[in-house]
Every structure is written in C-alpha cells, then in structure tokens.
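Below you'll find the structure, written out as structure tokens, and then a few comments.
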2 protein chains.
Amino acid sequence: MKRLLLLSNSTNYGESYLSYPKQSIKEFLGPDVSEVLFIPYAGVSISYDDYTLKVAEPFLEMGYNLRGVHSFQNAVEAVGSAQALAIGGGNTFELLNQLYENGLIEIIRERVFNGMPFMGWSAGSNVAGPTIKTSNDMPIVEPHSFNALDLVPFQINPHYTEERLPNHGGESRPDRIMEFIELNPGVSVVGIPEGNLLKVIGKTVSLVGPGTMKVFHKGLETKAFSSQNELDFLLK
Amino acid sequence: MKRLLLLSNSTNYGESYLSYPKQSIKEFLGPDVSEVLFIPYAGVSISYDDYTLKVAEPFLEMGYNLRGVHSFQNAVEAVGSAQALAIGGGNTFELLNQLYENGLIEIIRERVFNGMPFMGWSAGSNVAGPTIKTSNDMPIVEPHSFNALDLVPFQINPHYTEERLPNHGGESRPDRIMEFIELNPGVSVVGIPEGNLLKVIGKTVSLVGPGTMKVFHKGLETKAFSSQNELDFLLK
C-alpha cells in the first residue's frame, strides 16, 4: 500500500524547524520505523552534512534516527534497504538533477509502490508529482528531464499562496498555475498552503492542517478543499 | 554594432501598458526604423493576435508599426528581414520552447550580432542572456534546452526585488540568485528592478531608470549600480 506524506513547507514563519508537522510525521511513520533515510540533494547553499544534521535533530526528538543518503557508499542500495525515505526542500531543479545523477528515480518508485513510507517537503514534495513543472524555484541547473518520481498522478505546488508583493508586477501564483493547465490539459495541480500537508494512504487522500488547498484543472472550476473534504478523486 | 534594450518589465504597477519605457524605446529605435517585428511566444493565456494588438498600440503612439512574427508565412525569413525585433514578456520557458520550435535562435543571433536593434521585456530580456536559469517563471513546459540567445554574456533577473511576502517562507530573490552563482561560478547575474532597463550599444552598457541594479558573481561582493555608473565591465 502506497504511503506518502507531502508537506507544503518544512517550517512555518517564526516557528522552529519542522515544528508544525511533528505530530503528523510521528503518526505517519509509526512505531515500526526506527531509521529514516534522508535525501539532502535540494540543498545548494548548505552542505549535505550540515543539512542532514539540521533535519536529524527534530527527527531524533520524534524518536527516529536519520541518516543522509550521501553517507552511504552506494545510494541505490541505501534506498533499496531504507525503512522510510524523507526528501528535504531547497532547489527543485538541483534535487531532480541529483536524483538522476545518482540513479535513484527507479529505485525510489519501486520502493514507494511496494509500501515504503515516503515523505517530502517543498522541493521534496514537488518531485513526488509527474513532473517539476509546477515548482516555484529558480531553474539554476538543467536536469536531464522535468519528469519526476510520478508517485501521485497530480502536480504539487508547495508554499501555495494567493498573496502578491505590493506595487510589484509579474504573475500571481494562481496566474502561473492557470498557465500550466492551459499548456497541460488533463493534469490537476494541487496548491498546498504553508502549514498544511497531504496524506496519501493507499487510495485515500486527505489534507492535514488548518488551511484550504486549491485544485486547478483545465476546463473545471478551481475549487478549494479543507481537511473535512474527501480527496480520493485526486488519485483517479 | 550590437544594439540591445533589455527592460525589467513592460509596465509599472498602476501605469498604462509600456508607459515608463516609451521615451527610451523611441530614442533607441530612432527615426530610421518604421516597423518592428514582435515575438509574442511568451504569451500563454492570451492569443498571439491579441497580444500583438495590445503591444501595437503604444508602439503606434511612438510612431512605429508593429507586426507579429506569427502572421508571416515563414518566421525565419521574417526575422531575417526585420528592421528591429521586440520580444514580449510572459512565460520564459514557453518563449524559449517556441523560439526553438520555430527555429529562430540562430537567425536572431546572426541579425543582432550584425546590428539589428533588439528589445525585450521580462521573459523577452531573460532570453537575451546565455541561459534562462535566472528566470522567475514557473517551468510549465520543458524547452529543448535552457540555453538561450546568448546576446550578452551575463544572466538577467528581471522584476528584481528584495521584498518578501510577509509571514511566508521560501527563498528571497537574492537567496535564489546566490544559489545560481553557487552552481554556476564565473557567470554574472544582473538583477534589474521594475521600471528600469539596461541599454547595450556596442561595448557600452548603461542602466536607464531611477533604481539601482545588483550584480551577483561567485566569490565577489554583490554590488549595487545606478544610472550614474560605468557598466561596460559586464561585457568583458
């Protein structure tokens, strides 16, 4: 059974690192997992070691050891034998680039489709969709392809917001996503606001958090959904 | 002699379309140009015809006819015989995608290096650099390559701002550009704030507008420059 926890962001503004999702992560991983394999590839201005240390701290508080995939001799084998996988945020293009460079796309897919718990935040959630075409990030490197892990059939837009900078031009987030669906009919985009996450357990999808998420799809009205709504249609 | 006018944006917040750069465009094109060839490929939520009509209006007020490249039987020949070229804003990925699809990269380069005046705004300025890796846009389509027109040796970040949405996470614009230079040492990035433009005439570069632009380069201090500063170093 597929098990995914897709977080909009790691940390709410002004809170401590990975604080808001702690309870959800604990419930998601449960007592059977003792060690989580961490993929720090989205980190650009931080070393993989430093990034892993930063993430290990809140995971230890939750009762889990966390180890960076870069510390293993063989990254494919590390994913192959991981109890659970976490992919951190940063730059989505560099993350996907390194997933290709390290040959991890297929093994992650295989493990997730066979039930290994997968969690990601920000860029780490972005790559769970079919492509990275709804990333908010700057395309600072050119990955082999925009095709991503395709663990769910819908696109994710993390850090979703409808706010705009005052007196500043350029497109709003909904404008940008409307452009995506214009050129990619048939694909849904889920905009998840900060402080919220999407949980996929088998064929069940639910939003966890106080916010409302938006679903965009060409030819359909854009709709808002809360944690009270049934979201399984997203997998169909 | 190379002649480029690279605008941060088309329109300042609250002003009429293409209003702030009118005087600069008139001075740049001069009295010898009567018709401008317009490339509307960055438009996604607007038809090429509607986009061209919208741009033609302020150009007519400046004394120039404007015609969309899509209205010609042969786009390559249209660029080949154009008096001057203008590339409009919108989505940078779709713009570059269509430049490749329509086979226009080489002919634009050839004409610009032989003196045809080139102007662009937003996405249209972005593609004047070596790559589109410092675009602010959502990667809604995957172009053949991130390599762009390479008319100038530096990267452009249009709509440059250091503002952030209040109480929202995610990277600031300077953070994103610092990540770019981390992975792309040796390449300068010029952040041009809205309401400003960069003029390149032969080996001379100047900023036109009331703002200050920032230049980022790995290993060098990030510096601010105004219209009073000598900027020819950017071409070296």
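Chain A is the first sequence line, chain B the second, and so forth, proteins listed ahead of strands; every chain is numbered from 1. All values below were derived from every heavy atom in this structure, side-chain atoms included, with hydrogens, water molecules and symmetry-related copies excluded. All of these numbers come straight from a predicted model, not from anything done at the bench.
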Identify the heavy atoms of [X] and [Y] that sit nearest to each other, and give their distance.
X: A:E171; Y: B:D137; value: OE1-OD1, 4.0 Å
X: A:R176; Y: B:N136; value: NH1-O, 3.0 Å
X: A:S135; Y: B:P139; value: O-CD, 3.5 Å

| message | Please output the residues of residues 50-62 of chain B in contact with chain A, using a heavy-atom cutoff of under 4.5 Å, in numerical order. | response |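 The residues closer than 4.5 Å to chain A amount to none at all.
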| request: Side chain from CB out, backbone as N, CA, C, O: work out which of these in A:N157 comes under 4.5 Å of a heavy atom of chain B, or both, or neither. | output: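 Contact with chain B: side chain only.
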| Beyond-backbone contact of A:E163 with B:H168, side-chain heavy atoms, under 4.5 angstrom |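 No, too far: nothing below the 4.5 Å cut-off.
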| Over 12 foreign heavy atoms within 6.0 Å of NZ, B:K22 |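 Atom NZ in B:K22 is crowded, with more than 12 foreign heavy atoms closer than 6.0 Å.
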| request: Give a yes or no on whether B:F233 atom CZ has more than 12 heavy-atom contacts from other residues, nucleotides or ligands under 6.0 Å away. | output: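 Result for CZ/B:F233: enclosed.
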| message | Is B:Q155 close to chain A through its backbone or its side chain, or both, or neither, when contacts mean heavy atoms under 4.5 Å? | response |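 Neither part.
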| message | For the CG atom of B:L165 and the CD atom of A:E162, what is their distance to the nearest 0.5 Å? | response |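 Here the interatomic distance stands at 12.0 Å.
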| message | Counting only non-hydrogen atoms closer than 4.5 Å, can you tell me which residues of residues 177-199 of chain A sit against chain B? | response |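 Residues in range: A:I177, A:E179, A:F180, A:E182, A:L183, A:N184, A:E194.
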| field | Residue-level contacts of residues 85-97 of chain A with chain B, using a heavy-atom cutoff under 4.5 Å | value |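 Residues of residues 85-97 of chain A touching chain B at under 4.5 Å: A:G90, A:N91, A:F93, A:E94.
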| query | Which one, A:N9, A:T134, A:D175, leads in non-hydrogen pairs under 4.5 Å with chain B? | reply |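 It is A:T134.
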| Got a sec, which residues hit side chain to side chain contact (heavy atoms under 4.5 Å, CB included) with B:N147, two or more places apart in sequence or on another chain? |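 Counting only residues at least two positions away or on another chain, B:N147 forms a side chain to side chain contact (heavy atoms under 4.5 Å, CB included) with B:Y100, B:T131, B:S145.
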